[in-house]
Amino acid sequence: MQWHSARQGVLAENVANATTPGFRSHDLAPFPAENDGLAVRRTDARHLTLASAGPDGRPQAAGSFERTPDGNAVVLEEQMIKSAQNQMDHQMVSSLYGKSLGLLRTAIGRR
């Protein structure tokens, strides 16, 4: 959830600098959970994935090729799409976190 919050800040900075000459948009690299053995695995095609994930479940990386005459490379439509995907991913992660806390409370008998 912290990564999604930090990414939202970076995307907001991109939108804020959409008219700054020579500014290029930035993005955060996906969280490297796979290296720690904590990767989410899709065992069924009907399982939910993150909004920013591709068909294989990995985050999609798409670059922008548009540039204004003053050298600005921020495309507001792309930034808004990334922001909406990030928001949906954050909501899904926080929902899963809440559900896991509920399961733990049930397991220890404090429901």
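Every value quoted in this text rests on a predicted model; they were computed, and no experiment measured them. Basis for what follows: all heavy atoms, side chains included, without hydrogens, waters or symmetry-related copies.
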Legend entry - Set of residues satisfying side chain to side chain contact (heavy atoms under 4.5 Å, CB included) with respect to S83, sequence neighbours excluded: Q8, L11
Legend entry - Among E78, K82, Q79, the one residue meeting side chain to side chain donor-acceptor pair (under 3.5 Å) with N14: Q79
Legend entry - Single-linkage hydrophobic cluster, 4.5 Å side-chain cutoff, V75 and I81 together: no
Legend entry - side-chain hydrogen bond (donor to acceptor under 3.5 Å, both in side chains) partners of T20, counting only residues at least two apart: N17
Legend entry - Residue list, side-chain hydrogen bond (donor to acceptor under 3.5 Å, both in side chains) with N72, at least two apart or on another chain: none
Inset, instruction - To the nearest 0.5 Å, tell me how far L103 CG sits from I108 CD1. - result: 11.5 Å
Inset, instruction - Kindly indicate whether the side chain of V74, heavy atoms from C-beta on, has any atom under 4.5 Å from the side chain of V15. - result: no
Legend entry - Atom pair CD (Q87) and CZ (R7), whose distance is rounded to the nearest 0.5 Å: 12.5 Å
Could you pull out every donor-acceptor pair under 3.5 Å between side chains of residues 91-98 and any protein atom, sequence neighbours left out?
{"unit_1": "S94", "atom_1": "OG", "unit_2": "H90", "atom_2": "O", "d": "3.2"}
{"unit_1": "S94", "atom_1": "OG", "unit_2": "Q91", "atom_2": "O", "d": "3.0"}

Inset, instruction - Identify, with sequence neighbours excluded, every residue that meets side chain to side chain contact (heavy atoms under 4.5 Å, CB included) alongside A6. - result: L28
Legend entry - Minimum heavy-atom distance A73-S25, with the two atoms named: O-OG, 4.0 Å
